Number of protein chains: 2
Amino acid sequence: MTEKRRAPAGAAVLRGEITSAIRAAVMQELAEVGYGRLSIEAVARRAGVSKTAIYRRWRSKLDLVLDMVSAVAGRNIPLLDTGSLLGDLEILLHVMARALRHRLAAQIIPDLLAEAARNPQIAEKLQAALDDYQQAIGRILIGRAVERGELSPDTDRRAAVDLIVGPVYWRMAISRAPLESTEVPRMAAAIVAALRVACVGPVRDEVEV
Amino acid sequence: MTEKRRAPAGAAVLRGEITSAIRAAVMQELAEVGYGRLSIEAVARRAGVSKTAIYRRWRSKLDLVLDMVSAVAGRNIPLLDTGSLLGDLEILLHVMARALRHRLAAQIIPDLLAEAARNPQIAEKLQAALDDYQQAIGRILIGRAVERGELSPDTDRRAAVDLIVGPVYWRMAISRAPLESTEVPRMAAAIVAALRVACVGPVRDEVEV
DNA sequence: GAACGTCGGGACGCAACCGTACCGTCGTTG
DNA sequence: CAACGACGGTACGGTTGCGTCCCGACGTTC
């Protein structure tokens with residue numbers, strides 16, 4: 001019971017440099033072969049590390065990836081207040097575009113999102129992060145615009161998020177065409193126009209004859 | 001040289017029912033484990049067929065999937081002319097939404113798109129299909145609207161496609177939230193508003209102070 | 001009705017990977 | 001300075017999948 005336990009010391013401590021090497025290797029490997037083909041052996045090889053080193057830190061491949069996901073997804077997105085919906089949107093689009101311009105991100109994100117569709121554990125972590133992200137946009141960005149009077153109070157947050165995030169994601173992650181920074185203002189302006197219209201009730205809509 | 005070759009007959013002919021079974025099994029398997037983990041053995045098991053049956057028809061796993069992709073992606077999208085941009089958009093969105101509501105499609109499409117980012121062969125086939133799709137939208141849908149005078153002639157086709165396709169894809173394939181049919185008209189209206197603004201030159205844009 | 005020739009199925013060798021057990025190493029702690 | 005104890009690395013059995021080969025079955029054609 002009252003065992004005297006000496007704290008691990010000396011060589012008996014996880015070396016952070018190795019943990020980092022593994023993390024980096026996982027990202028590389030994830031981008032190169034995807035989650036489906038991700039193998040611990042390959043990660044170990046790439047990191048110049050033994051498999052045991054990995055299994056000591058994470059129980060399984062799933063654990064490993066889940067940990068990476070929460071580490072990356074946990075970051076809060078800073079949503080600066082520029083004083084106008086258009087300005088806020090430009091900033092947000094620039095941030096997203098910059099993120100998706102990174103080769104690793106552009107490959108890993110769609111891959112994990114696809115994997116989430118069949119892996120409940122990944123889905124949970126990823127959807128949580130995604131929901132945070134979307135809620136943040138909806139609450140902060142749209143919320144501010146409503147306060148300013150730029151948008152109607154009964155704007156549908158979810159629909160708004162789709163209109164904001166969809167185009168840039170489609171362009172960069174699916175269509176995989178570059179999005180020049182100079183195009184961002186135009187896209188932002190278009191989205192503002194869309195949002196102004198999107199506030200009307202969901203069901204009722206007149207059809208022109 | 002002048003060999004007399006009797007045409008294959010009798011049991012010596014590919015049985016279409018088996019080919020179909022394999023195709024169906026591939027779709028199921030693709031949805032369940034993704035391209036990365038797709039195995040010929042599993043496909044054969046699920047189809048109730050021998051591996052040889054598959055290898056007789058396709059040289060490899062890649063060939064198999066490429067064939068499926070071109071078969072599905074080859075279909076032309078009917079873009080009905082309703083007489084107005086708004087009407088055309090509603091139809092298009094309904095078609096996309098219906099397609100993405102199918103479980104198989106909603107899982108396979110994002111998976112293959114992610115895979116395309118690292119597999120040149122799949123990327124080629126898929127990007128070709130995607131480009132066709134986008135060009136069709138750009139040319140027909142936007143083209144008609146321009147002719148009608150609903151949009152400016154110098155509307156950027158690519159940017160327009162992003163605004164049209166992005167939101168619905170994000171909503172259904174990424175965010176994985178249901179898109180009610182009743183929401184489509186509103187989304188279409190929002191997109192029309194966006195498109196009207198998106199025609200201004202890409203670079204120049206005044207910033208409100 | 002006999003011959004033909006491809007069919008589907010089972011088995012094989014090979015390769016990759018999983019997760020674990022063991023072993024010598026190393027640096028701190030008392 | 002000696003002992004502790006977790007460290008990283010190697011080696012291992014088991015599993016899975018790939019692509020191929022050979023076999024008996026089968027139905028049409030002559």
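No hydrogens, no waters, no symmetry mates; every other heavy atom, side chains included, goes into these values. If you're wondering where the values come from, they're calculated on a predicted model, not measured in any experiment. Below, chain A is the first sequence line, B the second, and so on; all start at residue 1.
Closest approach of Leu100(A) and Ala106(A) over heavy atoms only: O-CB, 3.4 Å. In this structure, Leu179(A) and Arg101(A) approach most closely via the heavy-atom pair O-NH1, 2.6 Å. Between Arg176(A) and Pro110(A), the shortest heavy-atom contact is NH2-CG, 4.0 Å. When every heavy atom of Gln134(B) is checked against every heavy atom of Trp170(A), the shortest pair comes out as OE1-NE1, 3.0 Å.
In this structure, Arg144(A) does not pair ionically with Glu147(A), as no charged nitrogen and carboxylate oxygen lie closer than 4.0 Å. For Glu32(A) and Arg118(B), the salt-bridge test fails: no basic side-chain N is under 4.0 Å from an acidic carboxylate O.
Between the CD atom of Glu17(A) and the P atom of dC7(D) there is a distance of 14 Å, rounded to whole Å. Taking atom CG of residue Leu14(B) and atom P of nucleotide dT28(D), one finds them 15 Å apart after rounding to whole Å.
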Which string of ( ) [ ] | and . matches DNA chain D, if you list each base 5' to 3' and count Watson-Crick or G-U pairs only when both distances are under 3.5 Å? ||||||||||||||||||||||||||||||
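Note that CD1 of Ile142(B) is 13.0 Å distant from CD of Gln135(B), once rounded to the nearest 0.5 Å.
Using a 4.0 Å cut-off on heavy atoms, the residues of residues 36-49 of chain A that approach DNA chain C are Leu38(A), Ser39(A), Ile40(A), Glu41(A), Arg45(A), listed by number. Residues from residues 50-67 of chain B that place a heavy atom under 4.0 Å from any atom of DNA chain D, listed by number: Lys51(B), Thr52(B), Tyr55(B).
A donor-acceptor pair under 3.5 Å is formed between the side chain of Lys61(A) and the backbone N or O of Leu38(A). Within the 3.5 Å criterion, the main-chain N or O of Ala53(B) finds a donor-acceptor partner in the side chain of Arg57(B).
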